[in-house]
Amino acid sequence: MQSLLSALGMLLAVLLVLAGAYAFTNWAGKNLGGFGSVLGGSGQIEVLDRAGVGKDQALLVVRAGQRYLLIGSCPAGMTLLAELTREEGENWKPSGPQAGAEGKRFTDFRALLGRLREKDND
């Protein structure tokens, strides 16, 4: 009988902890603005395009406010590769599922990288 009461007590304790965790996450999501605002989810940062270039490596075109950035991403972190001109950024056409073939995404990045190389050579 003693072991049954002990097991029920442990089960009750676990259920109370789970219920408390659930209640806290609901409260935090409503009262603290959720994780979106903590991570800067104000709508000022947008990933316009992404192209994988290797295992766990990608190139990203990002709009941050009025600035457009080409960023390299890998497990070690992120690196700013170039800041695009406003014209280049505004003319960027994301090549997601609505744009069609995967090949277009790589063509856009090839063209962008070609223009950046030309700028570096000037």
Side-chain angles (χ1 to χ4, degrees):
M1 185 70 167
Q2 188 74 6
S3 62
L4 179 63
L5 288 177
S6 178
L8 286 175
M10 289 291 276
L11 181 61
L12 181 63
V14 169
L15 290 176
L16 284 173
V17 168
L18 290 175
Y22 177 77
F24 176 76
T25 54
N26 278 341
W27 175 83
K30 292 175 186 170
N31 296 323
L32 299 179
F35 292 111
S37 64
V38 172
L39 297 176
S42 63
Q44 293 295 312
I45 297 176
E46 178 183 9
V47 177
L48 299 177
D49 207 356
R50 180 187 185 284
V53 293
K55 184 179 184 225
D56 298 329
Q57 299 173 337
L59 291 173
L60 306 165
V61 175
V62 176
R63 180 188 59 80
Q66 299 297 317
R67 298 173 67 188
Y68 295 89
L69 312 167
L70 177 64
I71 297 174
S73 172
C74 68
M78 300 180 114
T79 303
L80 175 64
L81 300 175
E83 184 167 348
L84 307 177
T85 65
R86 185 178 196 131
E87 180 181 290
E88 288 171 330
E90 289 175 352
N91 290 330
W92 190 264
K93 293 184 174 75
S95 57
Q98 72 275 11
E102 280 287 320
K104 182 170 179 1
R105 175 178 294 177
F106 294 109
T107 303
D108 289 342
F109 269 105
R110 284 189 191 116
L112 175 63
L113 289 173
R115 288 194 304 264
L116 292 172
R117 285 186 189 138
E118 289 173 6
K119 284 183 185 178
D120 288 341
N121 291 334
D122 292 341

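Numbering of residues begins at 1 and proceeds along the displayed sequence.
If you take OG on S6 and CG on L11, they are separated by 11.5 Å, rounding to the nearest 0.5 Å. To the nearest 0.5 Å, the span separating CG on L59 from CG on D49 amounts to 10.0 Å. The distance from atom CG of L12 to atom CG of L5, rounded to the nearest 0.5 Å, is 12.0 Å.
The two residues D56 and P75 come nearest to each other via the heavy atoms O-CD, 3.1 Å. When all heavy atoms are compared, the tightest approach of V62 to I71 is CG2-CD1, 3.9 Å. Scanning both residues, S73 and L60, for their nearest heavy atoms gives CB-CD1, 4.2 Å. Across all non-hydrogen atoms, the minimal contact from L48 to G89 is CD1-O, 4.3 Å.
Under the side chain to side chain contact (heavy atoms under 4.5 Å, CB included) test applied with L70, the options L81, T79, L80 reduce to a single match, L81.
For T85, the side chain to side chain donor-acceptor pair (under 3.5 Å) partners two or more places apart in sequence, or in a different chain, are E88. Remark: E83 engages R67, L69 in a side-chain contact (heavy atoms from CB on, under 4.5 Å) (not counting sequence neighbours).
Y22 and V14 fall into different hydrophobic clusters, where Ile, Leu, Val, Met, Phe, Trp and Tyr side chains are chained together by heavy-atom contacts under 4.5 Å.
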